[in-house]
Amino acid sequence: MRQYGEWNGTIGRTIAESQPWFSEPPHPGDSAPNVVIVLLDDLGFAQLGCYGSDIDTPNIDALAANGLRYTNFHVTPLCSPTRAALLTGRNHHSVGMRAVSNFNTGFPNMTGHISNHAATLAEVLHDEGYATFAVGKWHLAPMEHCSAAGPFDQWPLQRGFDRYYGFLEGETDQFSPTLTYDNHPIDPPGTPEEGYHVSEDLIDRAIGFVHDTKSVRPDKPFFLYVAFGATHAPHQAPAEYLDKYRGRYDEGWDVVRARWFANQLDMGVIPPGTELAPRNPGVEPWDELSVNQQLLGCRLQEAFAAFLDHTDAQIGRLVDDLAALGELDNTIIMVLGDNGASQEGGPFGVLHEMKFFNGILETPDEAVEHLDEIGRPHSHTNYPWGWAQVGNTPFKWYKQNTHEGGVHVPLVVHWPSGLAEGAASGSGSGAESGADSAGGVRRQFHHVNDIAVTIYDLINVQPPAMRRGLEQIPISGTSFAYTFGDASAPTRKEIQYFEMGGHRGLWCDGWKAVTRHEAGVPFDDDTWELYHTEVDPSECNDLAASMPEKLDEMIALWWQEAETHGVLPLDERMLELFAVRFRDHSPHPVDKTYRYYPPVSPMGSQSAAQIGGRSWHLTASVTCDAGAGGVLFATGTENAGISVFLDDGHLVFDYNAFDDHTIVRSNAAVGPGDHKLGVAFHRGPSRTAQARLLIDSEVVGEASIPWVMATISSVGPSVGYDAGSPVSRAYSDSNPFTGTLHEVEIQLLSREDVETLRAQARSELSRQ
């Protein structure tokens, strides 16, 4: 018979006349190292202890003390693009991820997922025989695909990982997360009251994945990608960590920033002569703030510090476990951030970040009434601009910007056996060549697209030019393995562009041109700045006026790189992209009618009906016994959300607008039998609305909603129960419906207005 696939034996009439042949599965070799990449979210350059801060990060500091700290390492200004570049070794535009994965603009540079023509690090290492695991944040699939309905082709397991445990969206509640295990959603295995926190859960799963492999296949190396939700908002940590930092930052951001800057100089994290950038616009001198502004700002920074400290402890658990297994010496560990510190907390900081996205600047005088909630389950906090700039010391600007504050982050590399070998093979003596394998500092310019190719270099793997019949996009990264044995080696990275929403920059040979784009301003009218970052790493001395020819040369190079790497067309859009939802073959039906048939898994906030900021009707088809109760539909969390439920037979609608509850209860109970239970929610003038309850089309209660949320929560809806923390105070658990719920239909009645679009755009941009 015809043979399908490779088989090189021979077949005769009998076994004696035949020759068997056995295929050899791929294996990278007995000495191949394990690879662990730990990615922290919204981590500024200065926020680790080993990069200058006074936040306790002893476990990362220990990795640095026994490894290398890279102090001229760069990323993109947002999370999804950085992750795409990290996992592919290509520039983010080239692989279809110019912004967060929530959008598809119809152009190759923004498809909402990594191009299949760009194999991920997991895919390449899997093909070489590695076991591959991912835990934590993904945010590399189109958000409308992130539900139990899929499609799954851009989920972690379909992009090279054998196992996955984490959350697919850009953020989640740390105490009540939305979780996915491999290809299916699951409920968190604990509650805040039981001491649950998702960072601990992620490391528990990561350790389990490693143990499963090493117990059965000890010969097989592994690649583990750990992408924490930390330190992205919401900043949430266990109580003992919050208590630890109480009062730590009462001196204020000016004093703390100056101290961290001095620490950086003493440590050699920044070169002598570096200037401390001036305060960003909108950051006021600490001593000029009101008492309540100071109280709120300190407590928000304390929550951030506690969150980072707690995350460091989880990294320590993982490292200790690798040591106990005897795997640590031959494991390459890289710890880095995905972009600079976040500016989404605004000038004052926020108790509930979704308020900021709804255009509410909660005043410190209002917020100080809830100081003790900060960092705990009943909060969704982010710190103010002043503390974000402290996190980015000594730089200016923030995440989203292409100035150094947005793109210059820590990178720690730890590999005891490999770094020692690299030091031994470095040219010249250790003192001259900088061949220090423990505690060394590396100042060569490098970028996140260099990580994958460095790993390929270290394990002697050649990424394929073709994979599964698809021509592969050329690698754009440059290996920095050469730096392991020589601190003084000149950088081999020749050039690197930056772009995000029209913000642009270009580094080349120690120089940087950069512009901060203002929405609506023609790109040709942007004001470019020029810095010699080799001697001015904090971008304090703009040479644009004195060196116009050099600036013109750099701008021309930027356009050349943009053409080469698929940056064009330049696109500043955000608001308009939210309207491109209702199209064929999408979970968002053209007629805007959604039907959910229980049992149905919890849905991602982007794959479900978008009821924020608009008019809608909800109809639940039920069969009830007398006194039936439980949730029919809920979305959001205890901090903000909407719940429709039965309580002792009465239909109830709870509109939880950031803990301000508008509750409508039916004036009649729902009798036994089949019924249509509904809510008619109609937008009124400005941000008001009217909510009416209906039993079998008869109005049985109504109330005015004084203020409509345009964007509600990063936690999506659930049908037949309330997943996550309870939206309503009327119940304390998931409160499943006790009758029979046949169907929930949601009909969207009007298009979003401009105000709603702006709020949703602010929310999505932050949820990386």
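Classified by interplanar angle (parallel below 30°, tilted 30° to 60°, perpendicular above 60°), the ring pair His408/Phe45 is perpendicular. Using a 30° and 60° split on the angle between ring planes, Phe152 and Trp155 fall in the perpendicular class, above 60°.
Contact check on Asp201 versus Arg205 returns a salt bridge, with a Lys/Arg side-chain nitrogen under 4.0 Å from an Asp/Glu carboxylate oxygen. Between Arg317 and Asp204 there is a salt bridge, with a side-chain nitrogen of the basic residue lying less than 4.0 Å from a carboxylate oxygen of the acidic one. Salt-bridge formation is detected for the pair Asp41/Arg83: a Lys NZ or Arg NE/NH1/NH2 atom is positioned less than 4.0 Å from an Asp or Glu carboxylate oxygen.
For Asn330 and Trp415, the side-chain atoms include at least one donor-acceptor pair closer than 3.5 Å. Of the N and O atoms on the side chains of His310 and Glu200, at least one donor lies less than 3.5 Å from an acceptor on the other residue. Checked by atom type, the side-chain pair Asn91/Gln496 shows a donor-acceptor distance below 3.5 Å.
Of the possible polar contacts, one joining the Trp558 side chain to the Gly505 backbone as a donor-acceptor pair under 3.5 Å is found. Tyr482 contributes a side-chain N or O that, together with a main-chain N or O of Arg492, makes up a donor-acceptor pair within less than 3.5 Å. Not one N or O on the side chain of Lys214 forms a donor-acceptor pair closer than 3.5 Å with the backbone of Asp219. Judged purely by atom type and a 3.5 angstrom limit, Gln174 uses its side chain to pair as donor or acceptor with the backbone of Thr172. The backbone N or O of Thr76 sits less than 3.5 Å from a side-chain atom of Thr82, completing a donor-acceptor pair. Of the possible polar contacts, none joining the Tyr531 side chain to the Glu534 backbone as a donor-acceptor pair under 3.5 Å is found. Ser101 places a side-chain N or O within donor-acceptor distance of the main-chain N or O of His139, the cut-off being under 3.5 Å. When atom types are taken as modelled, the side chain of Glu539 and the backbone of Glu404 share a donor-acceptor pair closer than 3.5 angstrom. Distance alone, capped at 3.5 Å, places no donor-acceptor pair between the Asp312 side chain and the Leu308 backbone.
Under the 6.0 Å cut-off for aromatic ring centres, Phe223 and Phe161 qualify, their centroids lying closer than that. In this structure, the ring of Phe445 has its center less than 6.0 angstrom from the ring center of His74.
Taking both residues in full, the closest heavy atoms of Leu78 and Val100 are given as CD1-CG1, 4.4 Å, listed atom of the first, atom of the second, then distance. Between Trp507 and Glu494, the shortest heavy-atom contact is CZ3-O, 3.7 Å. Contact record, Asp450 with Gly477: OD1-CA, 3.2 Å, taken as the closest heavy-atom pair. Looking at every heavy atom in both residues, Ser53 comes nearest to Ala46 through CB-O, 3.1 Å. Counting all heavy atoms, side chain and backbone alike, Tyr398 lies closest to Asn392 at CA-ND2, 3.7 Å. Residues Tyr130 and Ile459 approach most closely at OH-CG2, 3.6 Å, considering heavy atoms.
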For this session: Show your working on side chain to side chain contact (heavy atoms under 4.5 Å, CB included) between Arg90 and Gln472 and close with a plain yes or no.
Result: CA-CA 11 Å; Arg90 285 97 168 168; Gln472 296 292 290; 3.8 Å; yes
Problem set entry | Evaluation steps, side-chain hydrogen bond (donor to acceptor under 3.5 Å, both in side chains), between Asn109 and His92 | CA-CA 8 Å; Asn109 65 10; His92 56 295; over 6 Å; no
Problem set entry | Derivation of the side chain to side chain contact (heavy atoms under 4.5 Å, CB included) call for Tyr497 and Thr564 | CA-CA 11 Å; Tyr497 79 88; Thr564 299; over 6 Å; no
Problem set entry | Asn116/Gln154 under side-chain hydrogen bond (donor to acceptor under 3.5 Å, both in side chains): CA gap, chis, key distance, verdict | CA-CA 9 Å; Asn116 293 317; Gln154 299 300 329; 3.2 Å; yes
For this session: Any chance you could lay out the side chain to side chain contact (heavy atoms under 4.5 Å, CB included) test for Met267 and Arg69, step after step, and finish with the verdict?
Result: CA-CA 11 Å; Met267 291 177 172; Arg69 280 173 296 169; 4.2 Å; yes
For this session: Please test His211 against Asp321 for side-chain hydrogen bond (donor to acceptor under 3.5 Å, both in side chains), starting from the C-alpha separation and ending with a verdict.
Result: CA-CA 9 Å; His211 282 219; Asp321 188 78; 2.8 Å; yes
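With a 6.0 Å cutoff to the six-membered ring centre and a 45° limit on the axis angle, Arg442 does not count as a cation-pi contact of Phe480.
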